[in-house]
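Below are the structure tokens for one structure; questions will follow.
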There are 2 protein chains.
Amino acid sequence: MDATIVSARRKIELYRADAASGGLANCPVRNVLQGIFGKWSTLLVMALAERPYRFGELRRLVPDISQRMLTQTLCDLQRDGYVGREVFATTPPSVEYSLTDLGRSMYDSLQHLLMWAEGNAGRVKAAREAFDRAGA
Amino acid sequence: MDATIVSARRKIELYRADAASGGLANCPVRNVLQGIFGKWSTLLVMALAERPYRFGELRRLVPDISQRMLTQTLCDLQRDGYVGREVFATTPPSVEYSLTDLGRSMYDSLQHLLMWAEGNAGRVKAAREAFDRAGA
DNA sequence: CTGTATCCCCTATGATACTG
DNA sequence: CAGTATCATAGGGGATACAG
């Protein structure tokens, strides 16, 4: 039984840790993951890992996002401690967002998966197409 | 400009790669991530990383999941090439699910984030509570 | 420029019942 | 045992208009 397998079992337990007290919805690991994998969260964290951005800059950088979701996602990331928000009393006012140390730390771990996704997107796509062909 | 920053910029570009052709929904990296971060996907991959499981075993292991979502999530994971499905012609029939090489490879990269989440769930929780206190 | 406030819709998820 | 089919629902997400 190697380290990977042991680790997997431990994580299942953690994932299910609070199953007794209200179901998996209260699981701490799951709570963290849900904050990271919103539709826009990962993309914004990636952007802010590059450098701080202002609100409008982010909007231009990610043209698909609605203003509502940009505000909301940034607020969620700030609430989880990944993103810091600094207001400058210019006229008109400007707001700068940046990764906190916690956010940077999280991003370091997230990167492994991002790189994997980047390198294996073709394989996954091929698997999907093969599966769909077989079904049809 | 260190490797992390360069890498971040590259990923943003990849994330947005197909923005022209139908929006970020067609982004290859995003497509992969969405398959991994469904509500139950990660948990099932973690379980199957430990050892192969039969359908009923998984259901008992994850009592919160509905039968419908267990079937559907397993099917999605199979479609993406992460999970293999083997039918045994016993009576009554039994079906065994296991991670493929692709699934194992993906899980190796996912693990970094899972370990981070496990080790930092407390920090994130504290950040949320501080944020909510300030707002209230 | 940086947000809030509404309204609306659609998809992911769940509950339940039925089948090979 | 291992699914399918059907119906119902909540909430994530978008469009638009307004505000400090």
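Per chain, numbering begins at 1; letters A, B, ... match sequence-line order.
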Checklist entry - Rounded to whole angstrom units, what separation is found between the CZ atom of F55(B) and the C1' atom of dA2(D)? => result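 In whole Å, dA2(D) C1' and F55(B) CZ are 6 Å from each other.
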Checklist entry - Which whole-number value in Å describes the distance from R85(A) CZ to dT2(C) P? => result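 Interatomic distance, CZ of R85(A) to P of dT2(C): 10 Å.
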Item to check | Any donor-acceptor N/O pair, S98(A) side chain to L48(A) backbone, under 3.5 Å | outcome: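 No, the answer is negative, given that no donor and acceptor are paired below the 3.5 Å cut-off.
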Next on the checklist: So if I take every side-chain heavy atom of Q67(A) and compare against dG3(C), dC1(D), dA2(D), which nucleotide ends up nearest?
Outcome noted: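 Of the options given, the side chain of Q67(A) lies nearest dG3(C).
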Checklist entry - How close or far is atom P of dT4(C) from atom CG of L74(A), stated in whole angstroms? => result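 Going from CG in L74(A) over to P in dT4(C) covers 11 Å.
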Next on the checklist: Expressed as a whole number of angstroms, how long is the span from E86(B):CD to dG3(D):C1'?
Outcome noted: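 Rounding to the nearest Å, CD of E86(B) and C1' of dG3(D) are 18 Å apart.
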Checklist entry - In whole angstrom, what separates Q34(A)'s CD from dA10(D)'s P? => result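 Spelled out: CD on Q34(A) to P on dA10(D) is 18 Å.
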Next on the checklist: Using whole Å, what does the distance between atom C1' of nucleotide dT2(C) and atom CG of L61(A) come to?
Outcome noted: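 It works out to 17 Å between those atoms.
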Next on the checklist: Check whether T42(B) reaches the backbone of I36(B) with its side chain - one donor and one acceptor, N or O, closer than 3.5 Å.
Outcome noted: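 Present.
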Which protein N or O atoms sit under 3.5 Å from an N or O of nucleotides 12-15 of chain C?
residue, atom, partner, partner atom, Å
dT13(C), OP1, K39(B), N, 3.2
dG14(C), OP1, K39(B), NZ, 2.9
dG14(C), OP2, W40(B), NE1, 3.0
dG14(C), O6, R68(B), NE, 3.2

Checklist entry - For K39(A), does its backbone N or O pair with a side-chain atom of R30(B) as donor and acceptor, under 3.5 Å? => result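 Yes, the answer is positive, given that a donor and an acceptor are paired below the 3.5 Å cut-off.
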Next on the checklist: Classify T71(B) by what it touches in the nucleic acid, base, sugar-phosphate, or nothing, heavy-atom distance under 4.0 Å.
Outcome noted: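 It contacts base atoms.
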Next on the checklist: How many whole angstroms separate atom CG of L70(B) from atom P of dT4(D)?
Outcome noted: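 Distance check: L70(B) CG to dT4(D) P gives 11 Å.
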Next on the checklist: Nearest to the Y97(A) side chain among dA2(D), dT2(C), dG3(C), which nucleotide is it?
Outcome noted: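 The answer is dG3(C), which lies nearest to the side chain.
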Checklist entry - Any side-chain N or O of R54(B) less than 4.0 Å from the OP1 or OP2 oxygen of dC1(D)? => result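 So the side chain of R54(B) is outside the cut-off, no N or O lying under 4.0 Å from OP1 or OP2 of dC1(D).
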Item to check | Residues, nucleotides or ligands: over 12 heavy atoms within 6.0 Å of R128(A) CZ | outcome: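 Yes - once you tally the heavy atoms of other residues, nucleotides and ligands closer than 6.0 Å, there are more than 12.
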Checklist entry - Checking all strands, does R59(A) fall into the base, sugar-phosphate, or nothing category for heavy-atom contacts under 4.0 angstrom? => result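 Base, at least one base atom sits under 4.0 Å.
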Next on the checklist: Against the six-membered ring of Y53(B), is R51(B) placed for a cation-pi contact (under 6.0 Å from the centre, within 45° of the normal)?
Outcome noted: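 Relative to the ring axis of Y53(B), which defines the angle, R51(B) lies inside both limits.
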Next on the checklist: Quick check: do Q34(A) and F37(B) have side-chain heavy atoms less than 4.5 Å from each other?
Outcome noted: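 Contact flag for Q34(A)/F37(B) side chains = no.
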Item to check | Integer-rounded Å distance: dC1(C) P and E96(A) CD | outcome: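 Checked: the CD to P distance equals 15 Å.
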Item to check | Whether S105(A) side chain and D101(A) backbone form a donor-acceptor pair below 3.5 Å | outcome: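 Pair absent, no side-chain N/O of S105(A) close to backbone of D101(A).
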